[in-house]
Amino acid sequence: MQVERTYRILLIRHGITAGNLEKRFNGCRTDEPLTLMGREALLERGAPEPFVQKIFSGPMKRCVETAECLYPGRDITILPGMKELDFGRFEGKNHAELDGDPDYQAWLDSGGRMVIPEGDSPEEFLGRTRRIFMEMLQRLPGTGASPATAALICHGGNIMSIMSSLTGGDYFSFLVKNGEGYDLTFSMTGETIHDLSYHGLYTGESAGPDHRGSAVDAASRASDGTSDRMA
C-alpha cells in the first residue's frame, strides 16, 4: 500500500545579479554572484517562512548566496542539477545584441518553444527540472500530522517548469521577479501529486493567465535575463 505524503514547499527565485540589470540571457553557463543591491533587498525582506525544515538550493552562486541571505546560519543542501536553461549561442547576450540574428528571430517566432541553437530544448529542461524536484521530495519525511516543509532557491526557468508541470498550466504564465516565487501545499501518493494549492510569496496572489508575457519576456526574465519585463 502506497503511503500518502504531505508537503509545503517554497519556490524562491534568486536575487538580482548584474546580468538581470543588463537584461542578459544568463543561464547555466554563467555563474555570477548577486549584486550588493540584490543582497540588500533580500536581507530587508527576509525569508517568506523562516521555520522550514530543510533548505535546498541550486549550485550556482546566485542561488546559494540568496539562500544564505534568507536563511543565515542554516545548513543548505545543494541540488547539483537544479540549474537554469542552457541558452547556447544566446548565452550572456541581451535582446539588443541578438536583434537581427535569424536563429534568435526564429526562436522568438516559435514562442520560445524551439530548441535553442547549441542549447536546451524546452522538453529536456522541463523533464530534468521535474526529475530533480521529485528526487528532492523523497529526501523529506512528509508523513506526519503536519506537512514536511522546505525552501528551494533556484532559477526562474526552474520555477516555471515545476509550476507548469504540477498544475498543467502554461509555462510562461508562471513568471516571477527576483526574490519572489510560490508557496505550494500538496499531497503525494507514489509519484502522483494531488490536492495542490499555491499562492505567490509575499503577495499571497496566484499568477495565472493574466500574468503571461511574450516569449522574449518570459525566457529572458524568468531565465535570469532581467528583473523587469522586456516586452
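The neighbour count for E44 CD, taken as heavy atoms of other residues, nucleotides or ligands under 6.0 Å away, does not exceed 12. Remark: R139 CZ is loosely packed, at most 12 non-hydrogen atoms of other residues, nucleotides or ligands lying under 6.0 Å away.
Taking both residues in full, the closest heavy atoms of P48 and L10 are given as CG-CD1, 3.9 Å, listed atom of the first, atom of the second, then distance. Scanning all heavy atoms of the two residues, the minimum distance from I78 to G58 falls at CD1-O, 4.1 Å. Here the closest non-hydrogen pair linking F51 and E49 is N-OE2, 3.0 Å. Taking every heavy atom of both residues into account, I76 and A67 meet most closely at CD1-CB, 3.7 Å.
Using modelled atom types, no side-chain atom of T189 and backbone atom of T192 make a donor-acceptor pair closer than 3.5 Å. Judged by distance alone, the side chain of R13 and the main-chain N or O of N158 form no donor-acceptor pair under 3.5 Å. D195 places no side-chain N or O within 3.5 Å of a backbone atom of F186 that could act as its donor or acceptor partner. Under a 3.5 Å cut-off, the side chain of S110 and the backbone N or O of W107 do form a donor-acceptor pair. Looking at S164, its side chain never comes within 3.5 Å of a backbone N or O of G169 through a donor-acceptor pair.
Results of the ring pair (Phe, Tyr, Trp, His ring centres under 6.0 Å) test with H95 over F90, F25, Y104 single out Y104 as the only residue that passes.
Judged purely by distance below 3.5 Å, without hydrogens or angles, the side chains of N94 and E22 never pair a donor atom with an acceptor atom. Side-chain contact, N20 with T17: a donor N or O sits under 3.5 Å from an acceptor N or O. Inspection of the R130 and S165 side chains reveals an N or O donor paired with an N or O acceptor under 3.5 Å. Donor-acceptor pairing under 3.5 Å is recorded for the side chains of Q105 and D109.
Ring geometry for H155 against H14 counts as perpendicular: the plane angle is over 60°, on a 0 to 90° scale with 30° as the lower cut.
Using a 4.0 Å cut-off between a side-chain N of Lys or Arg and a carboxylate O of Asp or Glu, E91 and R24 do not qualify as a salt bridge. Between R39 and E65 a salt bridge is recorded (basic side-chain N to carboxylate O distance below 4.0 Å). A salt bridge between D101 and R89 is present, with a side-chain N of the basic residue lying under 4.0 Å from a carboxylate O of the acidic one. Taking a cutoff of 4.0 Å between a charged side-chain nitrogen and a carboxylate oxygen, D170 and R113 qualify as a salt bridge.
With contacts defined as side-chain heavy-atom distances shorter than 4.5 Å, the pair T77/S57 does not qualify. Residues T167 and F174 are in side-chain contact: their nearest non-hydrogen atoms beyond the backbone lie under 4.5 Å apart. Contact annotation: the side chain of Y198 approaches that of M163 to within less than 4.5 Å [non-hydrogen atoms, C-beta and beyond]. At least one side-chain heavy atom of L152 sits under 4.5 Å from a side-chain heavy atom of L79.
When hydrophobic clusters are built by joining Ile, Leu, Val, Met, Phe, Trp and Tyr residues whose side-chain heavy atoms come closer than 4.5 Å, directly or via intermediates, Y71 is grouped together with Y202.
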Audit row: I16, L34, side-chain contact (heavy atoms from CB on, under 4.5 Å) steps and yes/no: CA-CA 6 Å; I16 297 170; L34 301 179; over 6 Å; no
Candidate pair D120 and R128, rule side-chain contact (heavy atoms from CB on, under 4.5 Å), full reasoning: CA-CA 11 Å; D120 272 330; R128 181 168 67 245; 2.9 Å; yes
Residue pair D86, I116: steps toward the side-chain contact (heavy atoms from CB on, under 4.5 Å) verdict: CA-CA 8 Å; D86 184 347; I116 297 172; over 6 Å; no
Derivation of the side-chain contact (heavy atoms from CB on, under 4.5 Å) call for Y7 and L137: CA-CA 8 Å; Y7 301 92; L137 296 179; 4.1 Å; yes
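Taking NZ of K83 as the start and CD1 of I132 as the end, the distance is 9.5 Å to the nearest 0.5 Å. We find the CE-CG distance between M114 and D103 to be 6.5 Å, quoted to the nearest 0.5 Å.
Taking E68 as the reference, nothing meets the side-chain hydrogen bond (donor to acceptor under 3.5 Å, both in side chains) condition, with sequence neighbours excluded.
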